> 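Structure in structure tokens, see below.
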Amino acid sequence: MSQLDHRQVIAIDGPAAAGKSTVARLLADRIGAMLFDTGALYRAVTLAAARAGISPGDGQALAGLTRRLRIEIAPASIDDGRQVDVLLDGEDVTWAIRTADIDARVSEVSAHPAVRDALLDAQRSITGGVKVVMVGRDIGTVVIPQAGAKIYLKASAAERARRRLAELQGRCIEATFEQVLDDLNARDAYDSSRETAPLAAANDAIVVDTDNRPVEEIVNEIQRIAEAAWRQAGVTGE
Ligand code: DC
């Protein structure tokens with residue numbers, strides 16, 4: 001299979017619970033693109049480290065572990081609300097990587113430059129002639145700076161906490177609004193202030209505010225932006 005033309009990538013970055021995954025799923029389905037949620041990679045490493053008893057502060061051990069792991073992201077095989085399947089050395093860890101415990105550890109794990117470095121190739125070497133919607137924190141700035149369209153999704157902290165709380169309740173996980181808000185704020189502060197590839201909008205990203213806007217409208221806007229960029233660059237997606 002041929003290497004992906006990076007201009008076929010729509011990069012969607014932004015803070016936790018800004019609506020990235022929901023918007024990306026709808027957009028990918030609509031335009032027949034693949035969805036690649038890069039946060040799942042960092043979450044899978046965090047889960048494997050917790051199981052192996054490796055501290056989130058031990059960058060060297062974490063990087064060694066990351067290089068040994070086989071993390072796969074595949075189309076959802078079960079209709080249980082998942083966006084994709086996440087497999088860790090063949091095991092389905094789709095929901096195991098979405099617990100409060102992983103939320104609390106993942107920022108520290110993902111801040112290590114050696115861990116990020118070990119995951120870079122997996123993110124850049126997608127193959128095939130398909131379009132890809134990539135979701136993360138540093139896709140437009142570091143991972144795929146040649147992306148055809150770069151979007152930075154933002155939403156107020158209160159709105160993001162409401163969304164995350166509703167998502168947790170949908171999975172029967174108990175939490176209070178204050179807890180969720182504190183957790184999101186802590187994670188965003190950590191992700192934004194790390195030295196390597198911090199959460200940031202690329203200079204040429206288009207910032208899209210999702211507060212009080214229906215999701216369909218946001219998807220339409222991003223689709224328009226991407227299609228205009230592709231037309232201008234002569235990218236066909238075949
Ligand atoms: O998008 P998410 O909540 O699943 O991401 C989990 C963590 O992974 C996030 O707090 C920071 C890290 N992450 C990252 O550093 N770079 C990315 N491209 C994606 C996620």
Side-chain angles (χ1 to χ4, degrees), residues 6 9-25 35-50 56 59 62-63 66 69 71 73 81-86 88 93-126 132-145 147 150-155 157 160-161 163-165 167-168 171 173 175 180-202 205 210:
H6 281 176
V9 173
I10 301 177
I12 302 184
D13 291 304
K20 300 188 298 291
S21 305
T22 309
V23 165
R25 171 82 277 160
L35 171 63
F36 190 173
D37 176 1
T38 61
L41 302 178
Y42 294 95
R43 288 175 177 274
V45 170
T46 304
L47 175 67
L62 288 168
T66 305
L69 295 174
I71 306 168
I73 301 184
R82 64 183 58 195
Q83 309 266 17
V84 289
D85 283 2
V86 183
L88 177 60
V93 294
T94 307
W95 293 118
I97 61 170
R98 307 226 167 252
T99 63
D101 186 50
I102 300 297
D103 278 359
R105 292 162 181 258
V106 67
S107 280
E108 189 174 354
V109 169
S110 62
H112 295 288
V115 170
R116 305 197 70 79
D117 196 52
L119 290 174
L120 210 46
D121 269 357
Q123 297 174 81
R124 285 187 178 151
S125 62
I126 322 158
V132 182
V133 180
M134 266 180 100
V135 176
R137 300 292 187 289
D138 60 340
I139 309 303
T141 52
V142 175
V143 179
I144 315 278
K150 300 183 189 178
I151 306 295
Y152 187 86
L153 278 194
K154 68 171 204 179
R160 293 188 291 115
R163 287 180 193 155
R164 179 51 55 88
L165 187 61
E167 183 209 318
L168 292 174
R171 287 159 50 203
I173 297 174
V180 172
L181 183 64
D182 284 354
D183 288 353
L184 287 181
N185 282 335
R187 195 140 64 89
D188 290 339
Y190 210 113
D191 294 344
S192 307
S193 62
R194 67 179 176 227
E195 280 190 16
T196 306
L199 163 66
T210 68

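Just follow the structure's listing: the first ligand is 1, and inside any ligand the first atom is 1. For the numbers below, each heavy atom of this structure counts, side chains included, while hydrogens, waters and symmetry mates do not. Every value quoted in this text rests on a predicted model; they were computed, and no experiment measured them. We count residues from 1, following the sequence as given.
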> Is A16 touching ligand 1 with its side chain, its backbone, both, or neither, if touching means heavy atoms under 4.0 Å apart?
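No part of A16 comes within reach of ligand 1.
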
> For atom 8 (O) of ligand 1, find the nearest protein heavy atom and state the residue, atom name and distance (0.1 Å precision).
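Minimum-distance protein heavy atom for atom 8 (O) of ligand 1 reads Y42 CB, 3.6 Å.
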
> Between R124 (side chain only) and V143 (backbone N and O only), is there a donor and an acceptor less than 3.5 Å apart?
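Looks like yes, one N/O pair under 3.5 Å.
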
> By the definition side chain to side chain contact (heavy atoms under 4.5 Å, CB included), identify the one residue from T46, L69, I97, I73 that meets it with L41.
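Exactly one option meets the side chain to side chain contact (heavy atoms under 4.5 Å, CB included) with L41, and it is I73.
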
> So which heavy atom in the protein is nearest atom 16 (N) of ligand 1, and how far is it from that ligand atom?
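Heavy-atom neighbour on the protein nearest atom 16 (N) of ligand 1: R116 NH2, 3.0 Å.
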
> Can you name the one residue among L153, L35, V23, I10 that meets side chain to side chain contact (heavy atoms under 4.5 Å, CB included) with V135?
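For V135, the side chain to side chain contact (heavy atoms under 4.5 Å, CB included) test succeeds with only one of L153, L35, V23, I10, which is L35.
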
> For atom 12 (C) of ligand 1, grab the closest protein heavy atom and report residue, atom and distance to one decimal in Å.
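Here the nearest protein heavy atom works out to S110 OG, 3.5 Å.
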
> Looking only at N/O atoms, are R137 and ligand 1 under 3.5 Å apart anywhere?
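Checking ligand 1 against R137, an N or O pair does fall under 3.5 Å apart.
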
> Below 3.5 angstrom, do we get any N/O pair linking T38 and ligand 1?
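Min N/O separation from ligand 1 is below 3.5 Å for T38.
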
> Considering heavy atoms of the protein only, find what lies nearest to atom 18 (N) of ligand 1 and give residue, atom and distance to 0.1 Å.
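Atom 18 (N) of ligand 1 sits closest to the protein heavy atom D138 OD1, 2.8 Å.
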
> Is a side-chain donor-acceptor pair under 3.5 Å present for R171 with T99?
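There is no such pair (donor and acceptor under 3.5 Å, judged by atom type) between the side chains of T99 and R171.
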
> Tell me, which protein residue and heavy-atom name are nearest atom 11 (C) of ligand 1, and how many Å apart are they?
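Minimum-distance protein heavy atom for atom 11 (C) of ligand 1 reads D191 OD2, 3.3 Å.
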
> Have R82 and T94 got a donor and an acceptor in their side chains that come within less than 3.5 Å?
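There is such a pair between these side chains.
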
> Within a strict 4.5 Å, meaning less than it, do heavy atoms of the R194 and P113 side chains meet?
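No. Closest side-chain heavy atoms not under 4.5 Å.
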
> Answer yes when R25 and D37 have at least one side-chain N-carboxylate O distance shorter than 4.0 Å, and no when they do not.
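No, no charged N to carboxylate O under 4.0 Å.
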
> Which value, rounded to the nearest 0.5 Å, describes the distance between K20 atom NZ and R160 atom CZ?
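K20 NZ to R160 CZ: 8.5 Å, rounded to 0.5 Å.
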
> With distance as the sole test, does D13 use its side chain to make a donor-acceptor pair with the main-chain N or O of I139 at under 3.5 Å?
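Pair found, side chain donor or acceptor close to backbone of I139.
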
> Return the residue, atom name and 0.1 Å-rounded distance of the protein heavy atom closest to atom 4 (O) of ligand 1.
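Protein heavy atom at minimum distance: R43 NE, 2.6 Å.
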
> Mark up the atoms of ligand 1 that fall under 4.0 Å of a heavy atom belonging to S107, in ascending order.
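The list of qualifying atoms is 10 (O).
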
> Evaluate R194 for polar contact with ligand 1, using N/O atom pairs at a separation under 3.5 Å.
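Yes - when backbone and side-chain N and O of R194 are compared with those of ligand 1, one distance drops under 3.5 Å.
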
> Distance under 4.0 Å to a non-hydrogen atom of R98: what atoms of ligand 1 satisfy this?
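Listed by number with element: 4 (O).
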
> With a cut-off of 4.0 Å, which atoms of ligand 1 are near a heavy atom of R187?
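Going through ligand 1 atom by atom, the ones under 4.0 Å from R187 are 3 (O), 5 (O), 6 (C), 7 (C), 9 (C), 10 (O).
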
